[in-house]
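Structure, as structure tokens:
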Amino acid sequence: MKKYILTVILLLCVASVDALYAQEQTKSRAKRETIKLGEEMPHKGDSTTHRKRRALTQHLIIPKGEWQVGAQISHVSMSSSNSEYALLINGLDANGSLTKIAPFVSYAIKNNQAIGLRFQYTTADATIDAAELDLLSDDLEFELENLRGKLTSYQTSVYYRIYVGLDNKGRIGLFNDVALGYTNSKTNFRYNAQTENAYTKSNQIKLSVHPGIVVFAMNNLSTHVSIGIGGVSYNNTKYYRDGALVGKRDFSKANFKLDILDISIGLSLHL
């Protein structure tokens with residue numbers, strides 16, 4: 001009989017604990033805020049009246065805890081046949097192309113703020129089959145032919161991105177990337193038989209800025225366009241011929257301007 005009484009008491013205790021736990025979970029879920037994309041984001045220490053007067057209102061577009069995976073691509077082709085500058089050189093036959101492919105992953109550490117990791121592969125080709133430069137004088141005349149240049153580089157970068165939502169639906173926004181990257185590249189430049197086995201190897205560390213715009217085509221899929229506006233970099237370049245080191249150069253520079261060769265279009269999946 002005592003065993004039955006103890007069993008009943010134990011079952012009642014377990015049921016009571018389970019009921020208390022379920023009640024706490026219900027309260028916790030009730031207190032948890034529901035994520036609403038496009039809602040106005042408050043500014044700490046700023047009154048609503050002052051915020052509206054200074055037009056600082058922004059909307060939620062990337063909630064805290066969201067993951068993004070995707071890739072961005074950039075391709076530029078150039079030809080002397082459609083360049084106005086080619087008119088300065090007689091008989092110019094030149095072509096060039098630049099292609100960049102960059103997969104990335106990022107995580108939102110706060111609302112409208114994310115950190116990410118990006119890998120980029122870049123390849124560029126340039127050729128000058130023929131060119132004759134005449135600067136209105138016989139002494140300033142020279143010809144070029146059969147020039148070839150090829151660049152291959154690999155880049156790894158860490159970036160911090162800030163978003164500014166523009167609409168109350170969470171569909172359109174602006175962003176700005178501040179990226180710290182390392183690039184390893186190799187360049188072959190050939191114009192005669194002596195330069196056939198000549199190349200340069202470069203290592204670069206760069207802090208760069210890339211603003212852009214993002215648009216959500218679907219709830220979990222967005223596309224974005226960004227452009228580089230320069231940055232600060234340190235470069236180490238070594239020149240090799242037939243496998244032997246011929247010379248090297250170390251230099252740093254700061255350059256801030258719109259770079260039309262650094263325009264990228266990307267696609268992101270939001271998880």
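Keep in mind it's a predicted model, so treat the numbers as computed, not measured.
- Other residues, nucleotides and ligands place more than 12 heavy atoms under 6.0 Å from the CZ atom of F256.
- Atom CD1 of I260 has 12 or fewer heavy atoms from other residues, nucleotides or ligands within 6.0 Å.
- Hydrophobic clustering places I265 together with L258 (ILVMFWY residues linked when any side-chain heavy atoms are closer than 4.5 Å, directly or through intermediates).
- One finds the OG1 atom of T122 at 5.5 Å from the NZ atom of K100 (value rounded to the nearest 0.5 Å).
- Residues T223 and G266 approach most closely at OG1-O, 3.0 Å, considering heavy atoms.
- Contact between G165 and N112 at its shortest, heavy atoms only, is N-ND2, 4.0 Å.
- Here T183 contributes atom OG1 and K206 contributes atom NZ; the two are 8.0 Å apart, rounded to the nearest 0.5 Å.
- K150 is not listed as a side-chain neighbour of R148, based on a closest heavy-atom distance of 4.5 Å or more.
- The other members of the hydrophobic cluster of I109, by chain and number, are W67, V69, V105, Y107, I115, L117, F119, V158, Y160, I162, L269, L271 (side-chain heavy atoms under 4.5 Å, ILVMFWY only).
- Of the candidates D262, N176, D177, D259, D262 is the only one forming a side-chain hydrogen bond (donor to acceptor under 3.5 Å, both in side chains) with H210.
- Between S202 and T187, the closest side-chain pair of non-hydrogen atoms is not below 4.5 Å.
- Looking at heavy atoms from C-beta onward, Y163 lies out of side-chain contact with N111 at the 4.5 angstrom threshold.
- Note: I213 CD1 to L174 CG = 5.5 Å, rounded to the nearest 0.5 Å.
- For the atom pair R241 CZ and T200 OG1, the distance stands at 12.5 Å (nearest 0.5 Å).
- The minimum heavy-atom distance linking H224 with L267 is given by the pair CE1-N, 4.2 Å.
- Among residues two or more places apart in sequence or in another chain, the side-chain contact (heavy atoms from CB on, under 4.5 Å) test is passed with S222 by V214, F216, S268, H270.
- In this structure the side chain of R118 reaches within 4.5 angstrom of the side chain of Q72, judged on heavy atoms.
- Shortest non-hydrogen contact noted between V232 and A254 is CG2-CB, 4.0 Å.
- Side-chain contact between I62 and Q68 is present, with at least one heavy-atom pair separated by less than 4.5 Å.
- Distance check: T152 OG1 to K186 NZ gives 8.5 Å after rounding to the nearest 0.5 Å.
- Considering every non-hydrogen atom in both F104 and Y159, the closest pair reads CD1-OH, 3.6 Å.
- The shortest distance between side-chain heavy atoms of L245 and K238 falls below 4.5 Å.
- With contacts defined as side-chain heavy-atom distances shorter than 4.5 Å, the pair T123/D125 qualifies.
- Think of L207 as one node in a network of Ile, Leu, Val, Met, Phe, Trp and Tyr side chains linked at under 4.5 Å; its network also takes in V178, L180, Y182, I205.
- A 4.5 Å side-chain heavy-atom check between I61 and H59 finds every atom pair outside the cut-off.
- When all heavy atoms of L151 and S185 are compared, the pair lying nearest together is CD1-CB, 3.8 Å.
- Under the 3.5 Å distance criterion, the side-chain polar atoms of D167 are matched with a main-chain donor or acceptor of I172.
- Rounded to the nearest 0.5 Å, atoms CG (N184) and CD (Q204) are 11.0 Å apart.
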